[in-house]
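Written below as structure tokens is the structure these notes are about.
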Amino acid sequence: MQNLSRRFSTVPIHKLLPQQLHQHQPQPTRFFIPFSEFQQKRKLLEHKLISDLDGCANLSQVKEVHAHLLRHGLSQCCYVLTKLVRMLTKLGVPLDAYQRLVFLQVKYPNPFLWTAMIRGYTVQGPISEALNFYTCMRSAGTGPVSFTFSALFKACGDVLDVNLGRQIHAQTILVGGFAADLYVGNTMIDMYVKCGFLDCGRKVFDEMPDRDVVSWTELIVAYTKIGDMGSARELFEGLPVKDMVAWTAMVTGYAQNARPRDALDCFERMQGAGVGTDEITLVGLISACAQLGASKYANWVRDIAEKSGFGPTENVLVGSALIDMYSKCGSLDEAYKVFQGMKERNVFSYSSMILGFAMHGRANAAIELFHEMLTTEIRPNRVTFIGVLTACSHAGMVDQGRQLFATMEKYYNVVPSADHYTCMVDLLGRAGRLEEALDLVETMPIAAHGGVWGALLGACRIHGNPDIAQIAANHLFELEPDSIGNYVMLSNIYASAERWADVSRVRKMMKEKGLKKNPAYSWVETKKGVIHEFCAGETNHPEYAEIKKALDDLLNRLQAHGYQPNLNSAAYDLGIEDRKRILMSHSEKLALAYALLSTDAGSTIKIMKNIRICEDCHVFMCGASQVAGREIVVRDNMRFHHFSNGKCSCGNFW
DNA sequence: GTAGGGTTAG
């Protein structure tokens, strides 16, 4: 029986690859030099050629080395040629242009040279050609090396072809020994999890005779990506030696799964374990702090970044993450300072800053920055456009938004996605052009997702259009049957129109589905950095009596300035007094009253909310900023409102 | 040759 794992070919290559172009004979050996001396000289030459190749920066330099190699009769030297092929792959030289010709001149390629070609095609494509080379190599009787399989698995992972991956998996078993190889196993795990077959990856992991921290980390990350932090944690705790990458995977995993406190705890454990911190760890950590939204954590994490030597001035990754964090913490000025201080900026820095401006209602600043970016060589991407379109929509700049939307594909090669259509529907809808918005959704060239219909539903709330709202809601109930917000929104729209029968119909649907409203929460940070949480209707705060009194005082002063409760915001079929009482128990009003009691006069009050601010609270905050003479910043689940002197930065568009 | 990474709209 043929030995399948035999490493070297016995069949000349020209019999296998018929498209062979040249055939160079090996140079005759110069017999007058003693063999050992000849070998030594040749070794030195090979080393020299390899180091020359290492220093090459383009194809013509490689060609020079190649000519040098041919002059010395090394056209058959697989060792140097392998390096040459790898170098050209690294430089991005198309395989068919040069490497293939070099390869075809070699009569008996060794497994490494074959593999370099296979890897070349896995990087540049087509993957079918990589497989073709693999098949030829096997037919030549040449056994693969572990790197052959890792290259192939990587390619399958990149093109998400699990069926091909499985075939190669079978080969690793058939050829013998390779399924047990550490690197092969690791790339196999990676391939399965990338293709979405986590269980298969786990099986490979469980059956591996040797594992290293890479194998563990791959799986941990896979669990964090599907949101299974329990399994990720379990694996992580079992990992004998945790390195920086593994710790970072956990910190980032928590951050990405909306568990910022756990991310911070994990980071503290990491520091306790004496593991270092790099820019990637910081990015995860900064994202966790952004979610907490408190200046205390923002300052803390910035300090860590500076002390670890990854300050925002020097490091574009950390800088961009900090811009986003400060924007989300309500400190737009601080975000802009970071942006201005950065030595290097990229599309992430610009997009984050543009989104920051948009989030805070500074539409003109966002658009100006966009134009500033266009004067650099940085090109906008899909997220940049989300930023400018959002800015336009929040400022009611319909024509400008339309114009930008029209240019994105034409000039910047960014194909509008459903997310961009969401912005456009939002833009038209907020401006009151509900029919146009509906028309856009119905005629858009790609499928509308929940976001698009949600934008339309939101616009119907602002402009009180229950009929279009019902159309949008019907689509949303199909697309997101369990999303409570859509039912609440539709019900409120009907309530505002006093269509109580429709209200109870929607309520009934919610009840049948077993859906419950999310409780509304607000947070304020006191001057000591302590965060207080308020739930709507809650009366058990230790200082409730003072809070209630402060709120009543404020209400009286506001009423003297003409404030009238907006009863539509309490969408219940109840009496007027009950509805007024409900309005006064909204969590952001409690938080505001507490902030007035517990923060310094003259300081900005920052309130965070888990759901959208209601119209009554919005009017209330406007008035409060005036009568109390305070700046108030409210972050709801969508964006920021800056209240100052009786006005809000959102211009009542939200 | 294998593992961790930033901005996303209702």
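Order of the sequence lines fixes the chain letters, A, B, ..., with proteins taken first and strands second; residue numbering starts at 1 for each chain.
In this structure, A/Arg345 forms a cation-pi arrangement with A/Phe339, its terminal cationic atom sitting closer than 6.0 Å to the ring centre and no more than 45° off the ring axis.
In terms of the ring-ring contact (aromatic ring centres under 6.0 Å, His included) criterion, A/Phe197 has no residue partners (sequence neighbours excluded). Under the ring-ring contact (aromatic ring centres under 6.0 Å, His included) criterion, A/Phe640 pairs with A/His360, not counting sequence neighbours. With sequence neighbours left out, the ring-ring contact (aromatic ring centres under 6.0 Å, His included) criterion links A/Phe267 to no other residue. In this structure A/Phe205 satisfies the ring-ring contact (aromatic ring centres under 6.0 Å, His included) test together with A/Trp216, sequence neighbours excluded.
Here A/Asp181 lies out of heavy-atom contact (under 4.0 Å) with every strand. Using a 4.0 Å heavy-atom criterion, one finds that A/Asp419 contacts the bases of the nucleic acid, with or without backbone contacts as well. In this structure, A/Thr252 reaches the sugar-phosphate backbone alone: every heavy-atom distance under 4.0 Å involves primed, P, OP1 or OP2 atoms, never a base. A/Met489 comes within contact range of no nucleotide atom at all, as no heavy-atom separation falls under 4.0 Å. Nucleic acid contact for A/Thr281: base, since at least one base atom lies under 4.0 Å from a heavy atom of the residue. Within the 4.0 angstrom heavy-atom criterion, base atoms lie near A/Arg382. Using a 4.0 Å heavy-atom cutoff across all strands shown, A/Leu317 reaches at least one base atom of the nucleic acid. A/Val251 comes within 4.0 angstrom of no nucleic acid atom, judged by non-hydrogen atoms across all strands. Counting non-hydrogen atoms under 4.0 angstrom, A/Gly450 reaches a base of the nucleic acid. When heavy atoms are screened at a 4.0 angstrom cut-off, A/Thr422 is found touching the sugar-phosphate backbone but no base atom. Within 4.0 Å (heavy atoms only), A/Gln256 reaches sugar-phosphate atoms of the nucleic acid but no base atom. Nucleic acid contact class of A/Ile354 (heavy atoms, under 4.0 Å, all strands): none. Counting any heavy atom pair closer than 4.0 Å across all strands shown, A/Val221 reaches sugar-phosphate atoms only and no base atom. Residue-level contact check: A/Lys242 touches neither bases nor backbone, having no heavy atom under 4.0 Å from any strand.
Heavy-atom contacts of chain A under 4.0 Å fall on DNA chain B between two terminal nucleotides, which in 5' to 3' order are B/dG1 to B/dG10.
A salt bridge is absent between A/Arg269 and A/Asp265; no separation between the charged side-chain nitrogens and carboxylate oxygens falls under 4.0 Å.
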Report all side-chain donor-acceptor pairs from residues 477-485 of chain A shorter than 3.5 Å, counting only partners two or more places apart or in another chain.
residue  : atom : partner  : partner atom : Å
A/Glu480 : OE1  : A/Asn486 : ND2          : 3.0

